[in-house]
Amino acid sequence: MGFIRLVIFGFIGLTVVYFSVSIYSRSVRKERLENEFDANHPDSGAPGARDTFVSEGLRAYDASIRPKLIGLIYVVPTVVIGTIIVMINAN
Amino acid sequence: MRRIKITFRVLVFLLIGGVLHYALPQRDIVRVVNTYQERQDLNDWTRIFWARPDDQSATLINRDVQFIQTVKQRTMLFGFIRRDSTEVMVYRNEDTGWSWPFYFKFDTANLQTEADDLLSTAEEPKWAVMTHYGWRNEYFSAFPNAIAIRPVENPNVTIIPWFNIAFFIFLMVAILFIRAMWRQFRERSVDPLLDAAGHQIDEVQAGVSARKGRISRWIGSWRAKDKR
């Protein structure tokens, strides 16, 4: 029962962390794309070009490995807890 | 106001520091003198100083707890400075199971056996490193919980708290990361909203004053014209 409780609350907590980090990472990328466009087009470019550039950059970001690496948020604590269990109870 | 703020911060810092000092592992150089088992009453507030090995134990009002009696080397400043004298220290030996603090300790019986194996006298001391968490308090009958014991040749062995070093590095990184996330959130989501809201308020105020101007002009048109 204690184990189930730990799994449920751990999963909820890690899910909150996962979504926070995902949103943060995407937001940082979006800001960087916007700044990149503004730096390359001091005259603010053609109408709609900025939105296209940013949304294409974000699509490339979604397809890259970085958002998948955020999934490690679930993996690493599980591995750490497993290691602690083995180390504490090893004879 | 400034003083209240400082007091509040100090209190929060002390509270977090206290929780960490209670829950993080510490190591003592000890010589095991004896082990025993004693029935403990658990039905008052000092329950917080006892572990919760399994779900049944949450409702028990008393149960048997194993203890390890030792003589330990005195230390100062969170154990960083070793002193020449010794003192007695009694550890409880309880499973923490799957609950707080998260040591996932299930090997209480094994640990008790290892401690029994290390029993020694003052004349022929067998020193050991005892990993534990928790506080000893005689007035509340609180005991630190033993986590692991390993024999050492020499009581002057150097102990490097690797886990605590890693923990505090992780804590710093996590705090900086949360700060960065919060700043990003404010910059990208809250500030534009506030700007928009401020803009709207300005417009509404301008609208109100314009309307007021209209209404007062209308009222003015009902006022008696200049009386000649």
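Residue numbers begin at 1 in each chain, while the letters A, B, ... track the order of the sequences.
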### Task
First locate atom CD1 of A:I88, then atom CZ of B:F104, and finally report the distance between them rounded to the nearest 0.5 Å.
9.5 Å
### Query
Nearest 0.5 Å, what's the CZ-CD1 distance between B:F185 and A:I23?
9.0 Å
### Message
With a sphere of 6.0 Å drawn around OH of B:Y36, does it hold more than 12 non-hydrogen atoms of other residues, nucleotides or ligands?
### Response
yes
### Non-neighbouring partners of B:Q37 that pass side-chain hydrogen bond (donor to acceptor under 3.5 Å, both in side chains), sequence neighbours left out
none
### Query
Under a 4.5 Å heavy-atom cut-off, does chain A meet the side chain of B:F177, its backbone, both or neither?
side chain
### Query
How about B:M76: does its CE atom have over 12 heavy atoms from other parts shown lying under 6.0 Å from it?
yes
### Message
Holding to side-chain hydrogen bond (donor to acceptor under 3.5 Å, both in side chains), I want the full list of residues that pass it with B:D44, two or more places apart in sequence or in another chain.
### Response
B:T46
### Message
Do A:L6 and B:F102 make a side-chain contact, defined as non-hydrogen atoms from C-beta onward lying under 4.5 Å apart?
### Response
yes
### Query
Under 6.0 Å from the CD atom of B:E153, do we count more than 12 heavy atoms belonging to anything else shown?
no
Heavy-atom donor-acceptor pairs under 3.5 Å, chain B with chain A:
| residue | atom | partner | partner atom | Å |
| --- | --- | --- | --- | --- |
| B:D55 | OD2 | A:G2 | N | 3.3 |
| B:F104 | O | A:N89 | ND2 | 2.8 |
| B:F106 | N | A:N89 | OD1 | 2.7 |
| B:D107 | N | A:N89 | OD1 | 3.2 |
| B:Q184 | NE2 | A:S27 | O | 3.4 |
| B:Q184 | NE2 | A:S27 | OG | 2.8 |
| B:Q184 | NE2 | A:E31 | OE1 | 2.9 |
| B:R188 | NH1 | A:E34 | OE1 | 3.1 |
| B:R188 | NH2 | A:E34 | OE1 | 3.3 |
| B:R188 | NH2 | A:E34 | OE2 | 3.2 |

### Task
Apply side-chain hydrogen bond (donor to acceptor under 3.5 Å, both in side chains) to B:R39 and list each qualifying residue two or more places apart in sequence or on a separate chain.
B:N62, B:D64
### Message
Within a 6.0 Å radius of atom CD on B:E124, are there more than 12 heavy atoms belonging to other residues, nucleotides or ligands?
### Response
no
